[in-house]
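All heavy atoms count here, side chains included; hydrogens, waters and symmetry mates do not. From a predicted model like this one, the values you see are computed outputs, not experimental measurements. Order of the sequence lines sets the chain letters (A, B, ...), proteins ahead of strands, with each chain counted from 1.
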2 protein chains.
Amino acid sequence: MAYFVIVPVMLDIGGIFSFNHVQESFMGTKGEGNRQRIITAADDLFYRRGYNQTSFQDISDATGIPRGNFYYYFKTKDEILHAVVDGRLDELSALLSKIESETDNPRERLLMFSNMLEDNRDNVIQSGCPFGTLSSELAKDDPQLHEKSTQIFAVLRHWIKQQFVALGLTNADDLALDLLARLQGVTVIACAFKDVDYIKRSHQQIKDWINTNTLN
Amino acid sequence: MAYFVIVPVMLDIGGIFSFNHVQESFMGTKGEGNRQRIITAADDLFYRRGYNQTSFQDISDATGIPRGNFYYYFKTKDEILHAVVDGRLDELSALLSKIESETDNPRERLLMFSNMLEDNRDNVIQSGCPFGTLSSELAKDDPQLHEKSTQIFAVLRHWIKQQFVALGLTNADDLALDLLARLQGVTVIACAFKDVDYIKRSHQQIKDWINTNTLN
DNA sequence: ATTTTAGTAATACGACCGTCTGATAATGGA
DNA sequence: TCCATTATCAGACGGTCGTATTACTAAAAT
């Protein structure tokens, strides 16, 4: 029942993933700087206002780059989204690599990962989870865009699963989905009620859940 | 830290809520029929495509009512959203009343309520939760619209809490939020991965959770 | 020195947006 | 019958959308 086909290739050895398929014609050139500025601004706006509610004009205003120039860097708005998602994938990979470098203990890794929730709680209250809200929004748009946004969840799912696998758990994939679902549920409810305290309480519950599922 | 102020008045006695504040000038008239058709079509489109991605033209196409007529029934698009949310609140109240009429046992009530997840699983896979996705979308728009959408969660929260209260649980409100969060988390992940089986599995987990929290 | 390319700036394009208007048709009580 | 109310209709309004094209500058390559 696998719906999406494109799954990012993951190099678990060394924990280094790479999704930043920068067009080589832009490598190291001056234009690459502007391209990156567009991506950075779009990333922020897509998160805070949503993909569909962000116009080229908004990005233009945020960067100072004339709206007409965007076509030079990206043929369509879709392409900007792809670049933004690739950027988020890179950031995520860097974060996961950092976690992996700090401890070999899967339980501690999962706990560190779960801290993402509380570290970003102010943003979560305002705009929800950057991965979850994007996925939910794009589910109602073009299936291709939704598929792209789901790559982020696919990476997280795989990484979390690997931690459970390392602990010898047979239902590692189910547990990975459960952890993701818990995090998503908390963000949706906390954002809906603008309730910071609920994040704190739930984060503790999630840490407890991780501990009970990893201590054997 | 309560952020939103407007809380719907709930008449728990008899389990009958009422949010359908129909403008009396429309009561029983012919125009009320068209008004309702607009709301019904908008409700469906807001769910499947999102609020911002639904245009007056879309609603016009779906109903056959000329776009220009909408101003007669609703001054702004916001008003349509309000009417749609009120409609959903009425439907929800009817559902909860039905559950209340079928059993006095809070545990059974909560279990019946949780069936909503599986009953709508096909829609959930495609478009997510109609309450959750609306809330997440509008969190990035006007705060007033978001507040309106949150009324639905507020009703659910209150009703679920009452079931736990009836069981003598002191942390009833926390449990209510937890149940809502679980449901939301499942829908987000299931929709992201287009995974029907995950809904089935998670629904069973949720029912188990309800049982362990209500059997004393 | 000349040609090619990378990048900038400004703007035109058609389509569509939510909103609003003015005119008309139907309705029903006086 | 008259008239006010209720309802319907087509279309214009200014604005913004994503997209596309043009003309231009500057640097690099030949």
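- Minimum atom distance to the side chain of Tyr72(B) is reached by dT8(D), of the listed dT8(D), dT19(D), dT19(C).
- What separates CD1 of Ile38(A) from C1' of dT19(D) is a distance of 14 Å, to the nearest Å.
- Summary of helix geometry: the two end axes of the helix from dA1(C)-dT30(D) to dG29(C)-dC2(D), each defined by five base pairs via their C1' atoms, are inclined to each other by 10° (rounded to 10°).
- Summarising the geometry, atom CD belonging to Gln36(B) is positioned 10.0 Å from atom CD1 belonging to Ile38(B); distances are rounded to the nearest 0.5 Å.
- Out of dT19(D), dT8(D), dT19(C), the shortest distance to the side chain of Thr76(B) is found at dT19(C).
- Geometrically, Lys77(A) does not engage Phe74(A) in a cation-pi contact defined by less than 6.0 Å to the ring centre and at most 45° from the axis.
- Between Tyr71(A) and dT19(D), a side-chain N or O to OP1/OP2 separation shorter than 4.0 Å is absent.
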Got a list of protein N/O to nucleotides 12-14 of chain C N/O distances below 3.5 Å?
unit_1  : atom_1 : unit_2   : atom_2 : d
dA12(C) : N6     : Arg67(A) : NH2    : 3.2

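- Within a heavy-atom distance below 4.0 Å of DNA chain C, the residues of residues 54-63 of chain B found are Thr54(B), Ser55(B), Phe56(B), Gln57(B).
- Classification of the Phe153(A)-Phe193(B) ring pair by plane angle, with boundaries at 30° and 60°, yields tilted.
- Side-chain N or O atoms of Lys194(B) include one that pairs as donor or acceptor with a backbone N or O of Ile125(B) at under 3.5 Å.
- Between Val188(B) and the options Ser135(A), Ser136(A), Cys129(A), a side-chain contact (heavy atoms from CB on, under 4.5 Å) holds for only Ser136(A).
- Distance Asp141(A) CG to dG18(D) P: 12 Å, rounded to the nearest Å.
- Protein atom CD of Gln36(A) is 17 Å distant from nucleotide atom C1' of dG7(C), rounded to whole Å.
- For the pair Gln53(A) CD and dC17(D) C1', the computed distance is 11 Å after rounding to whole Å.
- Rounded to an integer number of Å, the gap from Ile65(B) CD1 to dA10(D) C1' is 15 Å.
- For Gly64(B) and Gly68(A), each mapped to the nucleotide of DNA chain D holding its nearest heavy atom, the one lying further toward the 5' end belongs to Gly64(B).
- Leu89(B) approaches Ile152(B) most closely through the heavy-atom pair CD2-CA, 3.7 Å.
- The shortest distance between the side-chain N/O atoms of Tyr73(A) and the OP1/OP2 oxygens of dT8(C) is below 4.0 Å.
- Every residue was checked against the ring-ring contact (aromatic ring centres under 6.0 Å, His included) condition with Tyr198(A), not counting sequence neighbours, and none meets it.
- The aromatic rings of Phe164(B) and Trp209(B) sit perpendicular to each other, their planes meeting at more than 60°, with 30° as the lower class boundary.
- When the side-chain hydrogen bond (donor to acceptor under 3.5 Å, both in side chains) test is applied to Ser114(A), the partners found at least two apart in sequence or on another chain are His203(A).
- Rounding to whole angstrom units, CG of residue Asp78(A) and C1' of dT19(D) are separated by 12 Å.
- Side-chain nitrogen and oxygen atoms of Asn69(A) include none within less than 4.0 Å of the OP1 or OP2 phosphate oxygen of dA10(C).
- Note: CG (Asn52(B)) to C1' (dG18(D)) measures 16 Å, nearest angstrom.
- Formation of a donor-acceptor pair under 3.5 Å by the Glu137(A) side chain with backbone atoms of Asn52(A) is found in this model.
- Remark: the backbone N or O of Leu177(B) is not paired with any side-chain donor or acceptor of Arg157(B) at under 3.5 angstrom.
- Less than 4.0 Å separates DNA chain C from no heavy atom of any residue of residues 39-51 of chain A.
- In this structure a side-chain-to-backbone donor-acceptor pair under 3.5 Å is present from Thr187(B) to Gln184(B).
- Minimum atom distance to the side chain of Pro66(A) is reached by dA10(C), of the listed dA10(C), dA6(C), dT8(D).
- The side chain of Asn34(A) places no N or O atom within less than 4.0 Å of a non-bridging phosphate oxygen (OP1 or OP2) of dG7(C).
- For the pair Asp142(B) CG and dG18(C) C1', the interatomic distance rounds to 15 Å; values are reported in whole Å.
- If you check the side chains of Asn34(B) and Asn69(B), you find no donor sitting under 3.5 Å from an acceptor.
- Using a cutoff of 4.0 Å between basic side-chain nitrogens and carboxylate oxygens, Asp141(A) and Arg49(B) are not scored as salt-bridged.
- Using bins of under 30°, 30° to 60° and over 60° for the plane-to-plane angle, the ring pair Phe56(A)/Phe70(A) lands in the tilted bin.
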